[in-house]
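For reference, the structure discussed in these notes is given below.
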2 protein chains.
Amino acid sequence: MSAACSVGQAGEDAVLEIIMDELGSASASATAPVKMTLPPGDDAAILELPDDGAPARIVLTTDTMSQDQDFRLSWWSPEDQGLPAGTAVGRKAVAQNLSDLNAMAATPISLLVSLTLPADTPLDWVRGFYRGLTQGLQTVGAEHCIVAGGDLGSGPGISVSITAVGRLGAARAPLRRDGARPGDQLTAAGPLGRAAAGLALLEAGHGCAEEELAALREAQLAPRPALTTGMIAVDAGATAGMDLSDGLLRDAGRLARASGVRVRIEDQALRAQARALRPAAQALNLPETQTLRWAAAGGEDYALLATFPAGAALPEGFHRIGEVIGPAQTGERAEDAGHADGALEVILESAIDELGWDSMRD
Amino acid sequence: MSAACSVGQAGEDAVLEIIMDELGSASASATAPVKMTLPPGDDAAILELPDDGAPARIVLTTDTMSQDQDFRLSWWSPEDQGLPAGTAVGRKAVAQNLSDLNAMAATPISLLVSLTLPADTPLDWVRGFYRGLTQGLQTVGAEHCIVAGGDLGSGPGISVSITAVGRLGAARAPLRRDGARPGDQLTAAGPLGRAAAGLALLEAGHGCAEEELAALREAQLAPRPALTTGMIAVDAGATAGMDLSDGLLRDAGRLARASGVRVRIEDQALRAQARALRPAAQALNLPETQTLRWAAAGGEDYALLATFPAGAALPEGFHRIGEVIGPAQTGERAEDAGHADGALEVILESAIDELGWDSMRD
């Protein structure tokens, strides 16, 4: 069958064969933390959780990425020798889902992958996607995470729906988002705004020949979330934490709301993050305020937002970005920059008005 | 906020609120077989599996339904007082996924729901969908199955991706599809072709005033798979089994291939199934052979296909539809009706040439 063949011409069984081929070596891992009771291809996957004497706690998260919404096919032109089409989508899908598990302090054990493909999708795209998936797992150190099953269907655009299954170690508490207390330090593990700057470069069709720019593009196309920061945060006494994937302002607002507090983002900390994004703003002839917007509202960082008690030493890799303050007082006047509904959870010292990303809004 | 408002106008937080409202009572069940460690809304859901002294085995399946592929919005006109838009999609999504768990002899414990919605999707559709989801769980006796999490995103058409999590009881073997042996009886639990006949009625815009026709339409719009037939089959000594959702010919071919055997579908058994579909063929002025096609190749029955040793008494609700024979001999001539690639796993005594459903083919 020709490599240029489409999934519509090849039929479902041929697509399944490609998927099984690509997953073959990845799924055979003998050292996986769970046992797959069945070979893939039955009605459902069965995972046997190891018995460590504590109640088995599984952690589940799901995310869908849609063409032209979460990725564009045009990002990979035929001349682009960097990443074959599909590969980056696979890598991003892994990053997005495993970042959610990390934010609960869980260890990834399995993925389920539901692919919706238009009939004219090249088989090569499917191959590239699964290659990106297994590459993504290896890159973030989750090569023992098994792709346990999935589904194939047709639709008007490519859509990738992934469910990630994790496991919470016997002795470890999950990292919840509702535990932040006034006085806590607000911190992040991982840089902010890089994926958003990379997206701007991609959308402008910038060549990204310079190393700094290529690294920003890479942050968008092949993100590498750290998969241990959640556990590190819990072990270091974090009071709350969550995945930073929809932009600092929006996600900090969610953490604050869940905890019944407000947070203040410090100008100096935000500017330190923004400075690293200057090359992108310069390359695109954008004003420097754009770098602040990327750092404050750019999504897809797959970093970790966490709060620690005042005065606690921060674990390596965590940097302070602000502090937790008490809930808003009635009648209090605050510079609101957080929540689309007008709530006052996030106070931003810097003067920018860009909000976080709302996946639903026109 | 007006009921006619779209998700694009309302924004993600408003949509989430509707979902939480609809799920509120359903998720609060105190008698659920698993404990939800966290309230919904964190980065991921945590399920604590009860410790029954055996290794915890979780069963996972995922399915995506896309607008105009697996359902049409036009099936529900404003005049149709039967089911609010969205409700049937929710019910069908439940049926499809829980039917897969049943086919492994697993008990459903949780669902994860990823919704992709165009910005102009009415909020009422979202409400109807979640209502259909909880109704569907109740209808099939899975009201203790928790909707543990999900994802919301935008896309060109409505797409619903569900992951169902089940649990395999301590003493029970899963119902695999690779255990059929020559001489076994081939059986089905549940009628065949009804959802396909119902789809033909819907697509033709038939009013379905007669009770018989309305019941066929209902089989398409609000399927009610039995959730105990998988366990019953295992307990009665079934050698293999699988979900019947892509049509008898195609699914029987898959079971045969997985088991390394062939199966013969008996003419008399198929005709008995087809007879019940006559009212639909008559209402649509289709030849009677169409009823055989629906019974043999119609999808979405969410019935169970199972094989039992020759001479074994079949459990209640299972009917014989054929038998398992040995693998094809080289040079043997057989009337092939099974596999698009020309394999010879299914021998059909009846003379029809319609094949099962291929979700990928143009």
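Each chain gets a letter, A, B and so on, in the order the sequences are listed, and its residues count up from 1.
In this view, A:Ser159 satisfies the side-chain hydrogen bond (donor to acceptor under 3.5 Å, both in side chains) rule with no residue, not counting sequence neighbours. With sequence neighbours excluded, the residues that form a side-chain contact (heavy atoms from CB on, under 4.5 Å) with A:Ala189 are A:Thr229, A:Leu304, A:Phe318.
Contacts between A:Ala103 and chain B at a heavy-atom distance below 4.5 Å involve backbone atoms as well as side-chain atoms. Contact annotation for B:Asp68: neither backbone nor side-chain heavy atoms come within less than 4.5 Å of a heavy atom of chain A.
Ranking B:Thr61, B:Asp243, B:Asp63 against chain A, the residue ahead of the rest is B:Asp63, based on heavy-atom pairs under 4.5 Å. The candidate from A:Leu112, A:Ile58, A:Thr121, A:Val59 with the greatest count of non-hydrogen atom pairs under 4.5 Å with chain B is A:Ile58. With respect to chain A, the highest number of heavy-atom pairs below 4.5 Å among B:Thr62, B:Leu101, B:Thr116 belongs to B:Thr62.
Judged by distance alone, the side chain of B:Asp100 and the main-chain N or O of A:Ala44 form no donor-acceptor pair under 3.5 Å.
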For B:Leu49 and A:Leu49, run side chain to side chain contact (heavy atoms under 4.5 Å, CB included): C-alpha distance rounded to whole Å, both residues' side-chain angles, the deciding distance at 0.1 Å, then the answer.
-> CA-CA 10 Å; B:Leu49 306 183; A:Leu49 305 182; 3.9 Å; yes

Please lay out, stage by stage, how B:Ile46 and A:Leu168 fare under the test side chain to side chain contact (heavy atoms under 4.5 Å, CB included).
-> CA-CA 8 Å; B:Ile46 303 177; A:Leu168 205 56; 4.0 Å; yes

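Taking CG of B:Asp151 as the reference point, atom CG of A:Asn97 lies at 8.5 Å (rounded to 0.5 Å).
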